Amino acid sequence: MELWNKNVEKRFFTKSLEYATPEQLFYITNENKYLAYWPKNYLGKKSTLQSRNSLIGNFTEKWTTDLIQRIVEDEGLFAVQGAKCSEIALLNNSPADVIISKNKNIEQEPENILAIFEVKMSIVWNWEFKNNKSDMNLICMGDYNTHQGNPGLLRSDSMLKAIGKSINIRVSSLKASTIPIIIIGNTPITNT
DNA sequence: CCACCGCAGCATTGTCGCAG
DNA sequence: CTGCGACAATGCTGCGGTGG
């Protein structure tokens, strides 16, 4: 089974470029390079992208849903993205990233939910986007050691947010108290 | 009943101060 | 200098309250 890798990241950018502009997906350096992250030694002017957030968030949740779907489908179960269940505090403006359920509906009952996943994933490698008239392509500029981005799983405030949401689900109802809640990320591991 | 407004929550990642 | 906690930034979307 294919886990998160460079090809998946390439697919995110090529797919997203079908309907988003390069400026929404990449930082532009003072040398006019389009990069996914600011390199560690970069000293020029910097900004913080907001426009990529929902795109990468949605992509990683979809990717995770597909992965889990392949794992549970033999059991007759379903992975559902963005599931809602008012009884356990999964409302319209705060749905579950991914759940495993006995059915594939967006509207769910607590009794059918076997597990809840909170996805905290993003781009791991750094990429340069070259936009030549004839062909565009993505060049890997190095791994997470070469850029400034800090993976979500290593950030305490990201984890607190995920844990806080888990607590909110836990205390929402007795029925939520037995549902496992899993935080899933794609942080690379050092020295492998 | 509907248009509008403010607030809260979603997402990710850069910045800054402090400790060691 | 590095690592870490706390805070900032901002587009999008849903919801509740209010005024007409």
Side-chain angles (χ1 to χ4, degrees), chain A residues 4 8-13 15-17 19-31 33-66 80-99 106-108 116-129 138 140-172 176 181-191:
Chain A
W4 191 266
V8 180
E9 294 197 356
K10 263 192 167 174
R11 208 183 312 144
F12 163 71
F13 286 116
K15 277 275 177 196
S16 299
L17 282 166
Y19 51 88
T21 65
E23 289 76 18
Q24 289 176 298
L25 294 169
F26 298 97
Y27 294 110
I28 302 173
T29 71
N30 49 12
E31 293 172 329
K33 286 183 175 174
Y34 286 70
L35 297 180
Y37 288 113
W38 299 113
K40 263 198 175 145
N41 53 7
Y42 178 73
L43 295 174
K45 197 170 181 346
K46 286 187 282 189
S47 58
T48 305
L49 270 182
Q50 313 295 338
S51 44
R52 196 169 69 200
N53 294 356
S54 59
L55 294 171
I56 186 64
N58 201 269
F59 182 90
T60 56
E61 285 164 27
K62 174 76 164 56
W63 182 86
T64 305
T65 305
D66 292 343
V80 182
Q81 181 180 359
K84 303 169 192 174
C85 180
S86 58
E87 206 169 337
I88 58 171
L90 299 173
L91 300 167
N92 271 335
N93 62 345
S94 182
D97 288 350
V98 186
I99 65 165
I106 293 292
E107 302 286 344
Q108 289 283 338
I116 299 170
F117 294 86
E118 171 75 17
V119 177
K120 284 261 171 282
M121 299 172 75
S122 191
I123 301 298
V124 173
W125 288 272
N126 199 9
W127 298 88
E128 179 176 0
F129 172 62
L138 286 156
C140 186
M141 302 290 288
D143 67 10
Y144 63 96
N145 277 307
T146 67
H147 64 67
Q148 299 189 11
N150 216 355
L153 267 192
L154 294 184
R155 297 179 61 116
S156 56
D157 51 356
S158 291
M159 286 306 96
L160 281 168
K161 185 167 179 288
I163 293 167
K165 180 164 174 177
S166 305
I167 293 171
N168 195 42
I169 295 169
R170 270 278 183 277
V171 302
S172 64
I181 304 173
I182 299 137
I183 299 169
I184 180 166
N186 63 347
T187 295
I189 297 171
T190 319
N191 81 27

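Chain letters run A, B, ... following the sequence lines, proteins first, then strands; residues in each count from 1. From a predicted model like this one, the values you see are computed outputs, not experimental measurements.
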Legend entry - Partner of A:Val119 by side chain to side chain contact (heavy atoms under 4.5 Å, CB included), out of A:Thr65, A:Asn58, A:Val98, A:Asn186: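 With A:Val119 as partner, A:Thr65, A:Asn58, A:Val98, A:Asn186 yield a single side chain to side chain contact (heavy atoms under 4.5 Å, CB included), made by A:Val98.
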For [X] and [N], give me the distance from atom [atom1] to atom [atom2], rounded to whole Å.
X        : N      : atom1 : atom2 : value
A:Lys161 : B:dA8  : NZ    : P     : 15 Å
A:Phe26  : B:dT13 : CZ    : P     : 13 Å
A:Leu154 : C:dG5  : CG    : P     : 11 Å
A:Met159 : C:dA6  : CE    : P     : 15 Å
A:Leu160 : C:dC4  : CG    : P     : 14 Å
A:Ile56  : B:dT12 : CD1   : P     : 8 Å
A:Ile123 : B:dA11 : CD1   : P     : 16 Å
A:Phe12  : B:dT12 : CZ    : C1'   : 11 Å

Over all strands shown, is [X] touching base, sugar-phosphate only, or nothing at heavy-atom distances under 4.0 angstrom?
X        : result
A:Ser47  : sugar-phosphate
A:Glu118 : sugar-phosphate
A:Met121 : sugar-phosphate
A:Tyr27  : sugar-phosphate

Inset, instruction - Name the orientation class of the two ring planes belonging to A:Phe26 and A:Phe13 (parallel below 30°, tilted from 30 to 60°, perpendicular beyond 60°). - result: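 Parallel.
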Legend entry - Geometric class of the A:Trp4/A:Phe59 ring pair [parallel <30°, tilted 30-60°, perpendicular >60°]: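 It falls in the perpendicular class, over 60°.
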Quick one: does any side-chain atom of [X] pair with a main-chain N or O of [Y] as donor and acceptor, under 3.5 Å?
X        : Y        : result
A:Tyr42  : A:Gln148 : no
A:Ser16  : A:Ala20  : no
A:Lys45  : A:Asn30  : no
A:Arg170 : A:Ala176 : yes
A:Asn126 : A:Gly142 : no

Legend entry - Candidate nucleotides B:dG14, B:dC10, B:dT13, ranked by approach to the side chain of A:Ser94 - the nearest: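 For A:Ser94, the side-chain atoms sit closest to B:dC10.
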Inset, instruction - Please determine, for the side chain of A:Trp38, which listed nucleotide (B:dG14, B:dT12, C:dC7) has the closest atom? - result: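 That would be B:dG14.
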Inset, instruction - Using only side-chain N and O atoms of A:Ser156, determine if any of them is under 4.0 Å from OP1 or OP2 of C:dG5. - result: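 Yes, such a contact exists.
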Inset, instruction - Compare side-chain N and O positions of A:Arg155 against OP1 and OP2 of C:dC4 and report whether any pair is under 4.0 Å apart. - result: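 No.
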Legend entry - Sequence-aligned protein contact record of nucleotides 10-17 of chain C, with B where the base is within under 4.0 Å of a protein heavy atom and S where only the sugar-phosphate is: B---SS--
Inset, instruction - Could you pick out which residue, A:Asp97 or A:Gln148, lies toward the 5' side of DNA chain B when each is mapped onto its nearest nucleotide? - result: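 It is A:Asp97 whose nearest nucleotide is closer to the 5' end.
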Show the distances under 3.5 angstrom between N or O atoms of the protein and N or O atoms of nucleotides 17-20 of chain B.
none

Legend entry - Distance-only polar pair, side chains of A:Glu9 and A:Trp125, donor-acceptor under 3.5 Å: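 Side chains of A:Glu9 and A:Trp125: no pair found under 3.5 Å.
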Legend entry - Ion pair check, A:Asp157 and A:Lys161, cut-off under 4.0 Å: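 No salt bridge links A:Asp157 with A:Lys161.
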